[in-house]
Amino acid sequence: MKKVSLLGSTGSIGVQALDVIKRHGLSVTALAAKSNWKLLSEQALEFKPKLVCIYESEYKDLLKEELKGTGIAVLSGMEGLCEAACEPSSDIVLNSVVGMVGLEPTLAAINAGKDIALANKETLVAGGMLVTEAIRQKGVKLYPVDSEHSAIFQSLEAGNRRDLHKIILTASGGPFFGKSFIELENMTAADALKHPNWNMGAKITIDSSTLMNKGFEFLEAMWLFDVKPSQIEIVVHRESVVHSAVEFNDGSIIAQLGVPDMRIPIQYALLYPNRPESNVKRLSLTDYGTLSFLKPDIETFRCLGICIKAAEIADTTAPAIVNAANEVAVASFLKGEIGFNDIARLAESAFDSIEHQTVNSLSDVLSADKSAREFVSLSIRKD
């Protein structure tokens, strides 16, 4: 029975992961959440992990009261999150927390010799060099959970990695596909949260609407599959049926298709290489009839262009700066403090204004992250 430490258990990916875990008889050794202590306590009572972590420490006492007498240890903060990631009896850590907070527990888990099922984009966006080097040194496995990277991972199984020509990374285009930059000026958070195909958390859904999410996936793909920016083509595919594809040197293109349901890539990451029944709706190509493929509009969706520029210098702190700027800007947009297009403007400004340093350590990444957050926060206050 595979034992799983699940970080981000109360979010969209975490809840679906627990569904997969229950269905296939896996066990849970640790659970961690940001602030939803009530749901976390319910999950703990059902799955009976050895420990739980509530990242925001002000909820720790409430959680302890709920779990009194169960023998489940209750932790909090970054230290608790890293302890959950390193729980000695776990075989694999599924990291589905949102934001830069996911980097340190990922590195801690790798250094503890744990395999990683990764759904936290920021881990590779901001710390790709550190993570890939740690994985190489420790000899652990990294399984992508994002639907696109899982599709690439699965498609690569059809050939030899040395024969890979390029990656075709698909994008839904988000809720604002086809609109101009001027039209986007007046879009609200409520508008941006109406994703056409996927049910995701608020932050990731906003990132999808700006195409920042696809830019982050571009950066992730570089690190996951050891390719250059020139080897990644982004294709807008509105139906979200082809989750991504690879082209080999002989001209063959291999793709992974399926209904837009995250339980498929979650299950593949946790049970690789096995493919048992998933209880997910079956794909009928005739129901769709026609699938469309288009070029992305980088001039309108400027966040994507920023990430591609950062990818050219991915061994520096540039991606961490863009990520941090975006996190602050998206949080402000969700509060109604800034406009939709201000997210791209602030990310661009941070990218252009903050010096890019070579990444040699975690402290380099954390320092760049802090600088970018302060820069964007000050810019918002000035406006």
Side-chain angles (χ1 to χ4, degrees), residues 12-13 16 118-119 121 124 143-161 163-178 194-200 204-205 207-222 224-225 227 229-269 272-273 275 278-298 301 304 307-308 311:
S12 174
I13 297 294
Q16 292 177 84
L118 189 62
K121 297 180 185 301
L124 288 176
Y143 301 106
V145 173
D146 271 355
S147 61
E148 294 84 356
H149 299 113
S150 177
I152 296 163
F153 178 65
Q154 293 179 60
S155 298
L156 283 169
E157 299 278 290
N160 292 317
R161 186 67 62 89
D163 294 325
L164 174 65
H165 176 66
K166 73 175 181 181
I167 285 168
I168 300 170
L169 185 65
T170 58
S172 72
F176 301 145
F177 174 77
K194 296 174 183 175
H195 196 280
N197 300 328
W198 294 97
N199 179 21
M200 305 175 290
I204 296 174
T205 305
D207 284 349
S208 180
S209 71
T210 64
L211 292 198
M212 182 68 87
N213 196 51
K214 201 54 51 180
F216 286 165
E217 289 173 4
F218 188 102
L219 283 154
E220 284 183 276
M222 287 178 56
L224 279 168
F225 306 109
V227 294
S230 59
Q231 290 178 278
I232 304 173
E233 178 187 5
I234 296 176
V235 175
V236 176
H237 169 53
R238 295 293 285 161
E239 297 81 8
S240 296
V241 169
V242 178
H243 296 301
S244 277
V246 300
E247 181 181 344
F248 289 104
N249 288 331
D250 66 354
S252 297
I253 294 178
I254 309 295
Q256 186 262 334
L257 286 70
V259 297
D261 192 314
M262 283 303 300
R263 287 174 295 176
I264 295 174
I266 291 168
Q267 177 174 300
Y268 195 66
Y272 176 84
R275 293 180 180 271
S278 66
N279 199 34
V280 168
K281 180 182 177 182
R282 299 286 169 158
L283 171 66
S284 170
L285 290 175
T286 55
D287 284 349
Y288 282 89
T290 302
L291 300 178
S292 60
F293 303 93
L294 303 157
K295 291 182 180 295
D297 181 357
I298 296 180
F301 295 93
L304 178 56
C307 287
I308 293 173

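Just so we're clear, the structure is a prediction, and the values are computed from it rather than from any experiment. The first residue of the sequence shown is numbered 1, and numbering continues consecutively from there. Values reported hereafter were calculated over all heavy atoms of this structure, with side chains retained and with hydrogens, waters and symmetry mates removed.
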**Request:** Determine yes or no for a side-chain-to-main-chain donor-acceptor pair under 3.5 angstrom, with Ser155 supplying the side chain and Ala151 the backbone.
**Result:** yes
**Prompt:** Could you state the interatomic distance from CG (Asn213) to CD1 (Ile204), rounded to the nearest 0.5 Å?
**Reply:** 6.5 Å
**Asked** Got Ile234 and Leu211 here, is their nearest side-chain heavy-atom distance under 4.5 Å?
**Response** no
**Request:** Could you grab the distance from atom OG of Ser244 to atom CD of Glu233, nearest 0.5 Å is fine?
**Result:** 11.0 Å
**Item:** Contact check, side chains of Leu118 and Val145, non-hydrogen atoms, under 4.5 Å
**Value:** no
**Glu239 versus Ser292, side-chain donor and acceptor atoms under 3.5 Å** = yes
**Prompt:** Between the side chain of Arg282 and the main-chain N/O of Gly258, is any donor-acceptor distance below 3.5 Å?
**Reply:** no
**Item:** Asp207: which of Glu217, Met212, Lys121 passes side-chain contact (heavy atoms from CB on, under 4.5 Å)
**Value:** Met212
**Asked** Is the shortest side-chain N to carboxylate O distance from Lys281 to Asp261 below 4.0 Å?
**Response** no
**Asked** Does the side chain of Leu283 come within less than 4.5 Å of Tyr288's, by heavy atoms?
**Response** yes
**Fill in**
The single option from Val227, Asn249, Val246 that satisfies side-chain contact (heavy atoms from CB on, under 4.5 Å) with His165 is Asn249
**Request:** Give a yes or no answer on whether the side chain of Thr170 reaches the backbone of Val235 with a donor-acceptor pair at less than 3.5 Å.
**Result:** no
**Asked** Are Ile266 and Ile13 side-chain neighbours, meaning at least one heavy-atom pair lies under 4.5 Å?
**Response** yes
**Prompt:** Any side-chain donor-acceptor pair under 3.5 Å between Tyr268 and Gln256?
**Reply:** no
**Asked** Roughly how far, to the nearest 0.5 Å, is the CD1 atom of Ile254 from the CG atom of Leu164?
**Response** 11.5 Å
**Asked** Should the ring pair His237 and Phe293 be called parallel, tilted or perpendicular, given that the plane angle runs from 0 to 90° and is split at 30 and 60?
**Response** parallel
**Request:** Find the distance between CZ (Arg161) and CZ (Phe248) and round it off to the nearest 0.5 Å.
**Result:** 9.0 Å
**Asked** What is the distance from atom CG of Leu304 to atom CG of Asp297, rounded to the nearest 0.5 Å?
**Response** 9.5 Å
**From Ile308 atom CD1 to Phe218 atom CZ, the distance as rounded to the nearest 0.5 Å** = 5.0 Å
